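Notes for the one structure printed next.
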Amino acid sequence: MSNTKNTSDSQESQQSSRKPQRSQATQTSQASQKSQSSQEPRHPKPMEVLREARAQLAELTGMTAESVSSFEQTEEGWVLEVEVLELERVPDTMSLMASYQVELDAEGQLTGYRRARRYERGRADSRGGR
């Protein structure tokens, strides 16, 4: 009987010593992740910024963001020019397009937008006079 008790105590001791190690490893991993995320803000990759900007603008305006015609990283975040289909017409070359200037913060969240110009899809760009 004493032999059975010792074996039982030994098993309980091993099990209890394993549990803190697992939870301690998990806690260390979680603390490491938290400290990394709190040390530096997340800086998205350029392609993530482009995709997110198009999606956010489409959601806000209800219009299809077709392409990004300019893209620049600034001290405050990002500035993009996004081409949007404003009014679909037949033939497609008569559809109305618009260029929107879109501003995002350093994390890639949209902070503002404005329509810079409006044009027919089939028209050549007359800006610049060339």
Side-chain angles (χ1 to χ4, degrees):
M1 181 135 184
S2 65
N3 195 15
T4 304
K5 184 175 182 187
N6 287 344
T7 305
S8 172
D9 289 343
S10 168
Q11 287 175 349
E12 286 176 16
S13 170
Q14 287 176 354
Q15 287 175 351
S16 65
S17 67
R18 286 183 193 150
K19 288 180 183 176
Q21 289 175 355
R22 287 181 187 158
S23 64
Q24 188 176 20
T26 302
Q27 289 172 356
T28 303
S29 174
Q30 289 172 348
S32 173
Q33 289 173 353
K34 286 180 184 177
S35 67
Q36 287 176 355
S37 64
S38 64
Q39 287 177 355
E40 56 187 56
R42 182 188 181 300
H43 294 290
K45 296 177 182 176
M47 287 306 296
E48 292 174 339
V49 172
L50 293 173
R51 286 187 199 104
E52 191 62 29
R54 288 178 64 177
Q56 289 179 57
L57 184 64
E59 186 175 348
L60 286 169
T61 63
M63 295 180 279
T64 304
E66 293 202 347
S67 64
V68 176
S69 57
S70 74
F71 176 74
E72 177 182 2
Q73 187 171 13
T74 65
E75 290 181 14
E76 296 82 30
W78 306 86
V79 177
L80 293 78
E81 191 163 318
V82 181
E83 306 303 316
V84 173
L85 174 63
E86 284 204 336
L87 181 62
E88 192 169 8
R89 290 187 176 161
V90 176
D92 191 45
T93 54
M94 297 303 293
S95 293
L96 288 179
M97 302 292 294
S99 289
Y100 280 80
Q101 183 176 348
V102 179
E103 297 175 4
L104 299 103
D105 63 16
E107 286 79 37
Q109 296 301 307
L110 194 138
T111 58
Y113 70 92
R114 68 175 183 82
R115 184 171 63 196
R117 66 187 183 100
R118 200 171 185 196
Y119 59 95
E120 290 177 340
R121 186 189 294 268
R123 299 278 176 173
D125 192 358
S126 62
R127 291 195 303 179
R130 292 182 188 154

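This one's a predicted model, so the numbers in the text were calculated from it and none came from an experiment. Any value given below was found using the heavy atoms of this structure, including those in side chains, with hydrogens, waters and symmetry copies removed. Position 1 is the first residue of the sequence; numbering continues from there.
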Sequence neighbours excluded, every pair satisfying ring pair (Phe, Tyr, Trp, His ring centres under 6.0 Å) that has a member inside residues 81-100: Tyr100-Tyr113

Ring pair (Phe, Tyr, Trp, His ring centres under 6.0 Å) contacts in which one or both residues fall within residues 65-95, not counting sequence neighbours: Phe71-Trp78

Cluster link Val79 to Met47, ILVMFWY, side chain under 4.5 Å: no

Member of Arg117, Arg115, Arg114 meeting the side-chain contact (heavy atoms from CB on, under 4.5 Å) criterion with Gln101: Arg114

Euclidean distance, His43 NE2 relative to Glu107 CD, rounded to 0.5 Å: 7.0 Å

OG-CD distance between Ser99 and Glu83, expressed to the nearest 0.5 angstrom: 3.0 Å

Gap between atom OG1 of Thr74 and atom CD of Glu103 - 0.5 Å precision: 8.0 Å

Smallest separation among heavy atoms of Gln56 and Leu104, with atom names: NE2-CD2, 4.4 Å

For the student: nearest non-hydrogen atoms of Ala106 and Pro44, plus distance: O-CD, 3.4 Å

Verify same cluster id: Leu60, Val49 (apolar side-chain graph, 4.5 Å): yes

Shared-cluster residues of Met97, by chain and number - hydrophobic side chains joined below 4.5 Å: Leu85, Tyr119

With Glu76 via side-chain hydrogen bond (donor to acceptor under 3.5 Å, both in side chains) - residues at least two apart: none

Which atom of Ala58 lies closest to which atom of Ala65, heavy atoms considered: CB-N, 4.5 Å

CD-CG distance between Gln73 and Leu80, expressed to the nearest 0.5 angstrom: 11.0 Å

For Glu120, all residues meeting side-chain hydrogen bond (donor to acceptor under 3.5 Å, both in side chains), sequence neighbours excluded: Arg123

Summary of salt bridge (charged side-chain N to carboxylate O under 4.0 Å, His left out) pairs that have at least one residue in residues 51-68, sequence neighbours excluded: Glu66-Arg121

